[in-house]
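Just so you know, these numbers use all the heavy atoms, side chains as well, and skip hydrogens, waters and symmetry mates. Each chain gets a letter, A, B and so on, in the order the sequences are listed, and its residues count up from 1.
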Amino acid sequence: MIKIKLPDGSIKEYENAVTALSVATDISRGLAKAVVAAKVNGKVKGLTEPIESDADLLLLKFEDEDGAHVYHHTSSHIMAHAVTLLFPDVKLAIGPAINNGFYYDFDTEHTFTDEDFALIEKKMEEIIKADYPVERFTLPKDEALKFVKDNPYKYELISELDENEEISFYKQGDFVDLCAGPHLPSTGRVKVAKIMSVAGAYWRGDEKNKMLQRLYATSFPSQTMLDEYIYKMEEAKKRDHRKLGRELDLYDIFEEGPGFPFFFPKGMEIRNQLIDYWRREHKRAGYGEIITPIILNEELWHKSGHWDHYKDNMYFTTIDEGNYAIKPMNCPGGMLAFKRRMYSYRDLPLRTAELGLVHRHELSGALHGLMRVRCFTQDDAHIFMTEEQMKDEIIGVINLMKKIYALFNFEYKVELSTKPENSMGTKEQWDIAEKALQDALESLNMKYELNPGDGAFYGPKIDFHIQDSIGRTWQCGTIQLDFQMPERFDLTYMGADGNKHRPIMLHRALFGSIERFIAILTEHYAGAFPVWLAPVQVKVLPLTDRQADYAQKIRDILLAKDIRVECDFRSEKIGYKIREAQLEKIPYMIIVGDNEMENNRISVRVRKIGDIGTMFLEEFQNRIVKEIENKL
RNA sequence: GCUGACAUAGCUCAGUCGGUAGAGCACCUCAUUGGUAAUGAGGAGGUCGGCAGUUCGAUUCUGCUUGUCAGCUCCA
């Protein structure tokens with residue numbers, strides 16, 4: 001007797017081995033139709049895989065993340081199947097499910113174009129209609145290798161697997177693919193698929209390898225869901241900071257300076273508000289602010305290790321026949337600032353912040369609006385401390401980061417990145433540093449992912465990643481431990497014992513880059529910034545020329561309270577002025593006609609709500625001042 | 001940097017199977033003085049990203065180049 005326990009606690013009993021599909025059928029026919037995979041004792045399995053002993057069973061639908069994953073994975077096989085039929089010379093590489101879809105990497109002489117998409121989709125439809133059962137079979141490693149001998153990619157993948165491992169394959173019609181699975185029971189379970197784009201992708205993500213052609217696609221259980229997805233993506237694109245930055249006249253990048261952004265008065269307003277806030281928080285958290293030069297002698301960069309590890313990303317220049325570098329990071333300058341005098345252990349931890357403008361030579365193909373630029377302002381800080389202070393300092397920084405991100409209601413992902421291949425220092429130092437970061441994360445109960453080998457060349461780091469409008473994530477905040485720079489620069493402090501000791505250094509940035517952070521904010525708010533950040537907070541709209549003086553008076557009063565206010569004196573109808581202010585995403589409009597003027601009042605219109613009626617200017621002023629103070 | 005696509009007015013986009021271009025919005029002028037998302041009329045604005053080549057003639061075809069977009073790689 002096999003007992004299958006369902007999530008609601010109920011138990012179904014079966015004489016013999018049973019499949020998740022038949023359990024679903026027992027519950028209801030509708031469920032059997034909707035279910036796409038199952039979690040058996042917490043592991044995702046195919047619906048038709050036999051369950052041979054007692055198990056906890058969770059039936060997965062497309063709506064479940066794991067369910068969608070299986071659904072998309074089978075879809076990727078269908079796409080590979082279709083491509084194989086249309087382009088027989090194609091060699092398959094890998095084709096996993098990803099967020100919102102799937103891709104497959106192909107090696108073929110043919111260059112895929114947009115016109116091929118429709119052809120491939122049509123072929124996929126045929127495979128779906130044929131409703132081939134998707135069957136799993138396994139081979140021992142040596143036979144598996146023989147089976148894929150004509151495909152170097154699959155051959156390489158299998159070669160790396162364990163000798164004794166059973167290698168699983170999935171077969172649908174005549175198409176067979178190496179795959180760990182699981183899969184849908186048959187191809188007909190996929191309803192609609194759409195190829196989204198084609199792009200180059202290096203085999204195994206290594207630029208030394210051959211570049212393959214990657215087809216990105218998605219699939220859904222219904223046309224309606226696909227349409228909704230496409231609509232959603234189009235809507236999301238309207239939030240693109242590059243578009244909004246231009247429309248709202250905040251910032252832009254021109255052909256004359258690829259990767260070098262311009263900020264205009266309205267963008268600067270946002271930037272300055274952020275920085276004001278940043279300065280207040282840092283003063284409170286015990287930081288002193290410094291500024292270090294953008295250009296420093298090349299020697300410094302040899303000493304810091306940047307020459308050996310970061311030269312390709314740096315710009316250089318000559319002054320009076322001397323060689324100079326344009327800083328890609330602020331730390332070496334920070335080192336000089338520390339070294340200028342002697343410190344006591346009583347001075348530690350010493351927290352030094354710098355809004356430092358750094359320049360980096362990024363690959364042209366990597367540039368992306370304000371998200372990825374060639375010059376940006378890091379809200380950097382260097383904390384010099386003793387080993388005992390390390391953990392508390394890390395925790396302090398994480399808490400400050402959490403406080404700032406909470407202000408914007410950001411969802412973020414935390415990653416711990418460890419020792420990369422080409423790094424400075426000893427393994428012991430790295431171990432201590434990595435452990436300190438990990439301990440801090442764990443003592444705060446933070447969820448994080450491990451990202452092995454992705455640390456900076458001088459130390460491991462904790463990174464904070466935030467999503468953009470279409471779900472791409474960007475690293476913003478970062479906390480990096482560094483034993484190397486203090487050693488290279490021979491930094492010391494005087495200990496209680498009268499001897500010189502070496503401090504440990506922590507690099508950190510909260511926004512990460514002001515430019516990237518503003519891009520994230522623009523997309524996060526879809527350009528409708530909260531009052532405290534809005535470039536223009538209030539627009540006064542006189543109904544006719546008769547109210548011009550009154551409008552001006554209102555503006556002057558608000559200006560005197562540091563409220564950012566503009567007037568629209570043009571001889572346009574009120575509807576027109578409102579529409580324009582609305583499109584500019586200005587939080588408050590003050591509308592004044594003869595009525596308001598006679599009663600010494602104002603009409604207020606809120607961006608999100610609409611007309612909220614008339615009030616005295618003083619009432620409005622109290623309201624908006626309070627909102628600004630509370631950062632709403 | 002690599003793969004693919006794209007580049008026409010400030011913005012969004014038409015268009016020319018090779019005969020030097022057009023709309024809407026924005027801008028300027030005039031009229032209009034209005035009550036919560038577009039008043040009307042007129043005007044100005046483009047060496048069709050740049051450089052070569054083919055051609056009687058190139059914005060259109062070809063090559064190179066610059067930039068942008070998607071992805072890979074890399075990173076805040």
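- With C1' as the reference atom, B/A58 and B/U8 are 14 Å apart, rounded to whole Å.
- Side-chain N/O atoms of A/Y202 and base N/O atoms of B/G71 include no donor-acceptor pair closer than 3.5 Å.
- Side-chain to base pairing of A/R372 with B/C74: one donor and one acceptor N or O lie within less than 3.5 Å of each other.
- Contact of A/E247 with B/G10 (side chain to base): no donor-acceptor pair of N or O atoms is detected under 3.5 Å.
- Under the Watson-Crick or G-U wobble criterion, with both distances below 3.5 Å, B/G4 is paired with B/C69.
- A salt bridge links A/E627 with A/R623: the closest approach of a Lys/Arg side-chain nitrogen to an acidic carboxylate oxygen falls below 4.0 angstrom.
- Across all strands shown, B/U39 forms a Watson-Crick or G-U wobble pair, both distances under 3.5 Å, with B/A31.
- Applying the 4.0 Å criterion to OP1 and OP2 of B/G71, one finds that A/R472 has a side-chain N or O inside that range.
- Proximity of the aromatic rings of A/F112 and A/F87 is defined here by a centroid distance below 6.0 angstrom, and this criterion is met.
- Per the geometry, NZ belonging to A/K208 stands 16 Å off P belonging to B/C2, to the nearest Å.
- At least one cation-pi condition fails for A/R214 and A/Y104: the charged atom is not both under 6.0 angstrom from the six-membered ring centre and inside a 45 degree cone around its axis.
- Between B/U33 and A/Y576, no contact under 4.0 Å exists linking OP1 or OP2 to a side-chain N or O.
- No donor-acceptor contact under 3.5 Å links the side chain of A/T111 to the base of B/U3.
- Nucleotides B/G24 and B/G63 place their C1' atoms 36 Å apart, quoted to the nearest Å.
- In this model, the phosphate group of B/A26 is not approached by any side-chain N or O of A/R570 to a distance below 4.0 Å at OP1 or OP2.
- Among the protein residues, A/K237 comes within range of no part of the nucleic acid, since none of its heavy atoms lies under 4.0 Å from any strand.
- A/S571 contributes a side-chain N or O that forms a donor-acceptor pair with the base of B/U32 under 3.5 Å.
- The same atom, P, is picked in B/C11 and in B/G46; the two are 14 Å apart, to the nearest Å.
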